[in-house]
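Not measured: the values here are computed from a predicted model. Throughout, a chain's letter reflects where its sequence line sits, starting with A, and its residues are numbered from 1.
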There are 2 protein chains.
Amino acid sequence: MKSETDNDNTTVAKTIADQTYQHIRRDIISGALPPGTKLAMEMLTKRYDVGLSPLREALVKLTGDALAVAEGQRGFWVSQISLDELQDTMNTRLLIETQALSLAIEKGGPEWERAVNQAYEELSSLEDHLKESDAATFTRWESANRRFHEALVSACGSKWLIRLRSMLHYHSERYRMISLAEASVERDVHDEHEAIVEAVLGRKTLRACRLTELHLQRTTDVVRAALERRDEELLSKHKKRSRAGKSRS
Amino acid sequence: MKSETDNDNTTVAKTIADQTYQHIRRDIISGALPPGTKLAMEMLTKRYDVGLSPLREALVKLTGDALAVAEGQRGFWVSQISLDELQDTMNTRLLIETQALSLAIEKGGPEWERAVNQAYEELSSLEDHLKESDAATFTRWESANRRFHEALVSACGSKWLIRLRSMLHYHSERYRMISLAEASVERDVHDEHEAIVEAVLGRKTLRACRLTELHLQRTTDVVRAALERRDEELLSKHKKRSRAGKSRS
DNA sequence: ATTCGAAATTATTTCGAAAATCGCATTGAC
DNA sequence: GTCAATGCGATTTTCGAAATAATTTCGAAT
């Protein structure tokens with residue numbers, strides 16, 4: 001189902017099942033398929049223009065990533081989001097990412113330093129145009145951001161840490177994208193990244209971990225604020241509808 | 001594809017795909033399907049008496065668990081084992097399990113203590129009969145052991161830690177089962193478990209984590225020894241075959 | 001009016017055959 | 001003799017239809 005050995009994302013997908021998997025994953029993370037959406041077979045076969053077999057394989061793989069949930073004989077849904085799960089996701093990602101980062105700093109050689117620098121440069125160059133804030137640009141920034149964090153831990157020597165970090169990163173992205181619909185954030189992520197690179201290449205393990213913690217904590221705070229606002233809005237909408245007698249459940 | 005919400009293993013599987021998934025997983029972990037085995041479609045449809053669709057879904061799910069690997073248009077294989085991956089698996093599991101355990105000790109209430117005690121009792125009662133060392137008994141012990149470790153972390157409040165721990169636990173089990181074919185180990189796991197329970201219920205977080213580390217470290221050592229012996233044997237066998245001119249690669 | 005149960009409808013899941021792709025061997029050219 | 005191109009057999013992947021399970025609807029009875 002995967003193109004190369006097993007690992008990740010940007011590699012070209014060889015089978016329809018895998019293309020569809022990547023496609024649906026993009027749509028879940030971008031919010032085009034919002035949390036809780038029923039992933040009905042007929043709708044999806046039309047939307048992605050694929051048959052049932054590759055579609056189902058894609059959905060099964062997404063449940064493995066916890067981006068979708070399945071209930072036997074009842075189908076698939078986009079997995080829900082919540083403040084609790086946001087906190088859980090970010091806490092777990094912090095645990096894994098700091099561990100991976102420490103190992104990478106300890107083990108990384110010159111070609112790792114090059115990779116970190118390169119990923120950082122590419123990310124930086126994208127951040128200049130980021131003020132335009134259209135969805136496509138932001139998606140490309142997310143992609144560069146992912147590669148940056150991947151590069152940082154790439155020398156950790158642990159397939160598990162890399163794999164699990166990647167998994168949690170996708171969930172972080174979904175939260176960020178969804179919260180983005182709420183309010184475009186004015187935060188200087190660039191400076192945070194710069195500081196991390198400096199600490200990492202200076203082999204200051206503790207400092208790099210502290211900065212990473214701060215980085216993830218700030219992301220969490222921003223997303224949480226947006227999420228709380230969203231919840232309030234949804235709640236008040238629901239109230240209005242209820243009073244109008246059009247609630248359907 | 002799953003019976004209840006999404007989570008785990010012992011729940012009854014509602015679909016053929018899910019039954020097959022659990023069945024193949026058992027066989028991979030037990031070593032009935034050894035590392036590196038080609039998971040050919042025809043062979044598997046006969047072996048498990050299922051059609052292609054549920055079989056492929058099962059295999060896709062197994063690649064999500066990293067128990068199998070897929071290569072587009074070339075099929076599926078049981079994932080390889082190695083000394084490096086053993087170390088990686090156990091290190092990562094340690095990181096996650098100690099974190100989960102700390103949180104559980106901090107947050108766990110009376111019903112968690114009961115669950116821990118019960119799981120411990122069930123495991124202990126099984127350990128009495130364990131000397132017989134037939135495969136079925138050992139599999140039931142593995143199952144009880146899994147429930148014990150699950151109970152310990154069940155109150156940690158983190159779905160991610162529970163999920164990832166479970167994933168890594170299955171890999172540990174596979175290593176242990178495979179190394180078991182090499183040499184039935186004389187180790188008193190019982191005492192180690194007892195000490196952990198005591199520390200956990202006494203809310204001694206640091207001590208519980210230290211004991212867990214020791215517990216996993218001992219397991220790693222035993223498995224590594226068996227694995228090294230196995231590698232030597234395979235190597236010498238290969239040499240012999242080569243000399244006999246019957247090597248096939 | 002409300003609840004219970006059986007048919008009808010809708011959706012998911014599975015099967016069996018067709019299509020696409022890969023690995024290998026054979027052939028032909030330089 | 002080596003190497004590239006081509007065709008064949010084997011295998012994976014995908015499609016479309018049948019089977020199976022869940023949900024809704026409708027009617028009858030309390």
Result for side-chain hydrogen bond (donor to acceptor under 3.5 Å, both in side chains) between Trp160(A) and one of Thr89(B), Asp88(B), Thr92(B) points to Thr89(B)
All heavy atoms of Gly72(B) vs all of Thr15(A), minimum pair found to be CA-CG2, 4.2 Å
To the nearest angstrom, the CE-C1' distance between Met41(A) and dG16(D) comes to 16 Å
Between CG of Leu44(B) and P of dC15(C) the distance, given in whole Å, is 14 Å
Leu39(A) atom CG is separated from dA11(C) atom P, nearest whole Å, by 14 Å
Ile16(A) atom CD1 is separated from dT21(C) atom C1', nearest whole Å, by 12 Å
Between Ile24(A) and Leu62(A) the two heavy atoms that sit nearest each other are CG2-CD1, 3.4 Å
Taken to the nearest whole Å, CG/Leu59(A) to P/dT14(D) is 14 Å
For Leu67(B), does its backbone N or O pair with a side-chain atom of Ser79(B) as donor and acceptor, under 3.5 Å? yes
Ranking dA11(C), dT13(D), dT13(C) by distance to the side chain of Lys38(A), first place goes to dA11(C)
- Message: Does dA11(C) have its OP1 or OP2 closer than 4.0 Å to a side-chain nitrogen or oxygen of Arg74(A)?
- Response: no
Of the candidates dT14(C), dA17(C), dT12(C), the side chain of Leu52(A) sits closest to dT14(C)
Atom CH2 of Trp77(B) and atom P of dC22(C) are separated, to the nearest Å, by 12 Å
Taking only side-chain nitrogens and oxygens of Arg56(B), does any of them come within less than 4.0 Å of OP1 or OP2 of dT13(D)? yes
When every non-hydrogen atom of Ser172(B) is compared with those of Arg93(B), the smallest separation belongs to OG-NH1, 3.1 Å
Lys14(A) atom NZ is separated from dT14(D) atom P, nearest whole Å, by 13 Å
Atom CG of Asp49(A) and atom P of dG16(D) are separated, to the nearest Å, by 10 Å
Which of dT14(C), dT13(D), dT13(C) is nearest the side chain of Pro54(B)? It is dT14(C)
Against the side chain of Ser53(B), the closest entry in dT13(C), dC15(C), dT13(D) is dC15(C)
